[in-house]
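Remarks on the structure that follows.
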Amino acid sequence: MKLPLYNFMDLPPDACEAAKARYAVLPVPYEGTVTFMRGTADAPAAIIDASAQVEEYDEELAQDFRAAGIVTLSSIMPAETPEEQMRRVASTARAVMRSGKFLLTLGGEHSITAPLVRAAAEQHGEISVLQIDAHADLRDTYKGSTHSHACVMRRVLEVTDHVAQVGIRNFSQEECAECPRQVERFITPAMVESDPDWIDRVLSLLGEKVYVTVDVDGFDPAYVPGTGTPEPGGLTWRQVTALLRRICAERQVVSADIVEVVPLPGQKVSEFLAARLAYKIIAYTQLPKLTGSCGMTIVTLSA
Ligand SMILES: [Mn+2]
């Protein structure tokens, strides 16, 4: 397991000072329950490494967003058991959120999202979750564990019923039987392509405060080949960034994670995309809010 050698975006000291930073990047190099292709424990270091190449000036928004300050925290070391790992993640997340910083966690495997969402709900009260992913992750248990990355959104549903799942294209019959209402709410890549109002559909599932979790396999493997279970037919960079920009404009995004990157030898496409996406989230959450954003309206949608 590689650990980051320097801070996110290789910022000068004044831009990454802990006391002043509004954003905190937390590396979690954990892959305790990974089932297919290993290597996501190396992702936080690879993403931070790639982030040194991200331009501070955002080309889309014509602005530099570093002045808010971005501190890179020490990595959470992998624990012996998933239970202990979740405890460590929760306790660090609570402390960061209490300090008022925006916590941006870099995985590692997806299972860490459950304690992160719990910590966000403790801090902010009623919370919604936007998940970008190829997989529903709604199994109650997987290979004997309730903490598996394949169960993470089932654990999240125990915290909040307001969950929008976007990019989903691989799920089981068991998940359909056990979580029928949630399966009906999926926003699949096919819906993203065919429905010009797909972002409105996503917004209708979310309340005011939103936690964002991005499993990079939600993207098409052409954009992110380096991930544990690449799934054809995924989302594009423009679709995902358009979605995140509007969610950040019309809701209060309180924290986010980017998980499941697996660095591949000989190319850095996936970790660079993750680094770019992390800075996009930092940028979008600093944009002025659109007024008149609606309150909680939950609509059940069919494909
Ligand atoms: Mn996934």
Side-chain angles (χ1 to χ4, degrees), residues 28-44 46-47 82 85-86 89 105-117 129-143 145-157 163-176 178-179 182-183 185-192 202 205 211-237 239-240 243-244 256-264 269-271 273-274 277-278 281:
V28 185
Y30 172 68
E31 57 178 31
T33 76
V34 164
T35 42
F36 190 40
M37 190 164 72
R38 301 200 76 86
T40 194
D42 291 330
I47 295 167
Q85 180 70 27
M86 301 310 147
V89 171
T105 305
L106 302 178
E109 64 162 75
H110 207 167
S111 56
I112 59 169
T113 299
L116 291 167
V117 168
V129 176
L130 166 63
Q131 173 204 17
I132 293 165
D133 204 318
H135 311 94
D137 295 336
L138 289 170
R139 287 179 163 89
D140 191 34
T141 61
Y142 192 65
K143 301 202 185 251
S145 175
T146 56
H147 295 294
S148 166
H149 60 133
C151 309
V152 63
M153 296 313 290
R154 190 66 173 269
R155 299 289 84 78
V156 166
L157 280 179
V163 175
Q165 299 183 277
V166 182
I168 311 300
R169 55 197 186 277
N170 189 342
F171 47 95
S172 67
Q173 219 166 11
E174 173 198 341
E175 289 169 294
C176 296
E178 291 181 11
C179 305
Q182 195 55 38
V183 171
R185 292 171 174 175
F186 287 167
I187 288 118
T188 65
M191 290 160 77
V192 169
V202 179
L205 295 168
Y211 182 97
V212 174
T213 177
V214 181
D215 180 332
V216 292
D217 66 30
F219 285 93
D220 191 83
Y223 293 80
V224 185
T227 188
T229 42
E231 195 65 48
L235 303 171
T236 68
W237 171 255
Q239 288 165 346
V240 172
L243 171 63
L244 292 177
D257 65 58
I258 300 174
V259 296
E260 300 283 353
V261 168
V262 172
L264 298 178
V269 178
S270 309
E271 47 267 48
L273 177 140
L277 194 67
I281 291 170

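In each ligand, atom 1 is the first atom listed, and ligand 1 is the first ligand listed. Every heavy atom of this structure was used, including side-chain atoms; hydrogens, water molecules and symmetry mates were not.
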Residue [X], metal the Mn ion (ligand 1), N/O/S under 2.8 Å:
{"X": "His135", "answer": "yes"}
{"X": "Asp133", "answer": "yes"}
{"X": "Glu260", "answer": "no"}

**Report entry** Over all atoms of both residues, closest heavy-atom pair of Pro82 and His147
**Finding:** CB-CB, 3.7 Å
Report summary line: Of all the N, O or S atoms in Asp215, the one nearest to the Mn ion (ligand 1) is OD2
**Report entry** Heteroatom of Asp217 nearest to the Mn ion (ligand 1) (N, O or S, atom name)
**Finding:** OD2
Query raised in the report: Are the side chains of Thr236 and Phe219 in touch, meaning some heavy atoms are under 4.5 Å apart?
Result: no
Report summary line: Arg169 meets the salt bridge (Lys or Arg N to Asp or Glu O under 4.0 Å) criterion, sequence neighbours left out, with none
Query raised in the report: With distance as the sole test, does Thr113 use its side chain to make a donor-acceptor pair with the main-chain N or O of His110 at under 3.5 Å?
Result: yes
Report task. Answer yes or no: is there a donor N or O on one side and an acceptor on the other, between the side chain of Gln182 and the main chain of Cys179, under 3.5 Å? Result -> no
